[in-house]
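Since the structure is predicted, the reported quantities are computational estimates derived from the model, not experimental observations. Heads up: numbering here begins at 1 and tracks the sequence. Order of appearance sets the numbers: ligands from 1, and atoms from 1 within every ligand.
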Amino acid sequence: MLAAGLLLTACTSSSGASQPAARPSSDAVVVTAGPVTAEPSSAVLPGATRPGSVPPVVGNGPRIGNRVALTFDADMTDTMLRRMAADPTLSFANRKVIDILERTGTPATFFLTGEWVEAYPDVTRRLAGNPAFELANHTYRHQAFKSPCYSLPPIAPAQMTEDVAHTFDVIAPYGGRQTRYFRFPGLCYDDAALRALAPLGVTVVQGDVVSGDPNATAAQPIVHAVLTGVRPGSIVVMHITEANARFTDEALQPILDGLRARGLRPVPLSDLFR
Ligand SMILES: [Zn+2]
């Protein structure tokens, strides 16, 4: 069901150096947020597009070279929050994944829900504090922007724009490498959902390699799914939702080893599109 029609369009512009942003001319500028010197305007963040235009949908980067992007979704729903309240030992933040990424110096991009950020401000600070990590938007409470979408409750179309705008507001104070990248929950969307995002100046980033980690009952199928699907330009979709994706950390090191063996190099999303 994933992304039959997803293609990176903006990357093939004649400049050859673009990212999926509708940017007038100088492609070379922008994009990386090194040390943050001042509050950047959203217009210059990676993934920023012209507000008012239906956002581009990106499934992968250029199929040349050796770059791939590892992305991790931080889902949170009202149901998950209730489960946490009932069982304080339950964790939806897989710190072991972050440990491995940090220990190996591996860049990654994190698609955060607003409720996850609010539940895990300490972990969010840790992510924002790592210059190899980018932060992106995965809606406020992980509702379905097109139904049906697995078992996710739908969001009313009239609330979509505000939901995503609010999520940017929740993430922004953490600083670090902020972006205007956005991913739909469950990767489910339609034209109405895309139009709802138009005022926000985002790039929708889905992915071409779905690891299947939320449903996995062991690490090996995750490793297999990633390493058999990955190729130059791939965007790999994984999760840091621990209790809902129990084997992601166990799968991660074999995945990193396999990428290295294939000569593939993980980069932040904004570097993939460069
Ligand atoms: Zn998700």
With sequence neighbours excluded, residues passing side chain to side chain donor-acceptor pair (under 3.5 Å) with Asp213: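 If we apply the side chain to side chain donor-acceptor pair (under 3.5 Å) test to Asp213, skipping adjacent residues, the hits are Ser211, His239, Thr248.
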Angle, NE2 of His138 through the Zn ion (ligand 1) to NE2 of His142 - 10° precision: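 NE2 of His142 and NE2 of His138 make an angle of 100° at the Zn ion (ligand 1), to the nearest 10°.
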The Zn ion (ligand 1) reached by His239 (N, O or S, under 2.8 Å):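 Given the 2.8 Å cut-off, His239 does not count as a ligand of the Zn ion (ligand 1).
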Heteroatom N/O/S of Asp75 within less than 2.8 Å of the Zn ion (ligand 1):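 Yes - counting backbone and side chain alike, Asp75 has an N, O or S atom under 2.8 Å.
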Test applied, side-chain hydrogen bond (donor to acceptor under 3.5 Å, both in side chains); reference residue, Arg141; option that passes from Thr113, Asp78, Asp163: Asp78
Aromatic ring pairing Tyr120/Trp116, orientation class (parallel under 30°, perpendicular over 60°, tilted between): tilted
Aromatic ring pairing Tyr140/His166, orientation class (parallel under 30°, perpendicular over 60°, tilted between):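 Tyr140 and His166: tilted rings.
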